[in-house]
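For clarity, every value in this text was computed on a predicted model and none was experimentally measured. Order of appearance sets the numbers: ligands from 1, and atoms from 1 within every ligand. All residue numbers refer to positions in the sequence shown, counting from 1.
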Amino acid sequence: MTPVRRLALIATLLCSLPAILPAQVGSPAGPVPVEYLTARRAELLKRMGNGIAVIPSAEKRSIEGDYPQDSDYRENNDFFYLTGIESPESWLVLVARDTLAPQIYLYLPARDSMAERWTGARLGPGPEATQVTGIDDTRDAALAEKQLRSMVRTSKARGGSLYLLLGQQAASDTFFQQLALGSGAGVTDLRPSLAAMRLVKDADELRRMRMAIDVTAKGHVAAMRAAHPGAWEYELEGVAEGTFRSLGAERLAYPSIVGTGINATTLHYDKSRSQLQAGELVVMDMGAEYGFYAADVTRTIPVTGKFTPRQRDIYNLVLATQQAALDSIHPGQTMSRLGQIARAYMKEHSGDLCAPGTCDRYFIHGLGHWLGMDVHDVGAYATPLAPNMVFTVEPGIYIPGEALGVRIEDDVVVTETGYELLSGGAPRTAADVEQVMKRKN
Ligand SMILES: [Mn+2]
């Protein structure tokens with residue numbers, strides 16, 4: 001083939017590559033607006049000081065090599081948070097310098113028409129990538145390692161530090177070990193800065209979290225209506241998960257927990273293989289992931305649709321304990337203090353429900369956790385609450401001797417003056433749960 005004909009062929013192949021739709025198209029959550037991505041990167045650069053940060057995308061899984069049922073690619077949270085795209089074998093590089101303007105590079109694998117026949121069109125370096133990420137300088141990922149070594153050397157000469165996601169990458173990856181050793185520069189963990197940023201949600205994150213939690217509440221209501229004596233735990237799970245997917249959730253935020261009777265007292269029971277018996281309570285801890293954000297909601301329901309007096313007393317104590325914690329949420333409050341308030345409330349209001357002791361001895365876990373891109377999201381627990389932080393409030397009482405377990409878990413966002421309940425779409429009071437279960441299809 002002559003050089004001219006070869007060029008013509010290459011030109012034809014390039015033209016034959018399909019145009020790439022913006023990232024996240026097909027997800028009802030839509031793309032992350034570029035202004036949010038730009039603001040997040042600017043904030044991280046501000047926190048970094050002088051130096052270079054390297055943030056790789058997630059490892060790609062192999063359909064042949066790994067368990068096929070695990071083959072779906074999920075982007076690394078920090079990479080998605082800063083770029084808004086899902087793109088294996090890619091790198092985000094941020095260079096912060098004392099006196100000069102910061103630089104941002106996005107390394108993406110060059111497009112490959114043959115590979116794309118198998119695995120679909122993907123984003124390569126170029127104007128389309130710039131459009132969806134707001135990063136002007138996009139480059140071929142094949143150049144990344146060589147250019148990074150050089151950038152790190154230059155940065156070191158200027159007294160800059162090397163910022164890595166320690167633990168996630170530097171420990172296992174040879175390239176990062178070499179980069180860290182060879183740089184001679186101090187290596188700083190980037191994770192605390194990113195965790196502090198992700199702890200306070202911006203408007204696009206809150207929009208996604210509301211969607212995740214709304215979908216989750218609808219799944220819980222559907223599962224409540226599917227419950228009856230003789231139904232199986234997996235039926236309720238299937239109804240809820242089907243609802244999540246049918247309303248646009250990409251995946252589960254965590255494996256669903258549906259436990260009836262004695263299984264309700266096992267905190268992370270995930271077998272879902274028992275049959276519901278009249279007189280039992282079912283704990284359902286299920287959450288959707290939507291647009292990369294997790295919901296985490298637990299409801300406890302009576303199999304017959306009607307609580308027994310004993311079940312209702314325990315349920316009401318858990319609910320009142322949760323309300324005591326909710327009422328104490330305000331900016332400046334701490335998670336540990338909320339835990340103490342909840343525990344003290346349960347102890348004081350146990351009456352003789354758990355005689356000879358008090359019911360708090362059956363409250364065997366913490367009150368809650370940060371919620372975001374991960375179900376147990378990043379963030380230091382000593383951080384005082386501030387507006388737009390999102391977390392769960394989930395007291396429980398588990399009495400194995402009575403095969404009785406109750407957990408009520410809701411998701412809240414901190415406001416200027418208190419909190420907003422995000423998961424109120426799933427009924428919380430005993431009366432409301434009974435009402436929903438009465439109106440079965
Ligand atoms: Mn939880």
Which atom, counting only N, O or S, brings [X] closest to the Mn ion (ligand 1)?
X	value
Glu394	OE2
Asp296	OD2
Glu409	OE2
His369	NE2

Within 45° cone of [Y] ring axis and under 6.0 Å: [X] NZ or CZ:
X	Y	result
Arg208	Tyr290	no
Arg343	Phe363	yes
Arg41	Tyr36	no

- Item | 4.5 Å side-chain heavy-atom contact, Leu385 and Phe391 |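 In short, these two side chains touch, coming nearer than 4.5 Å.
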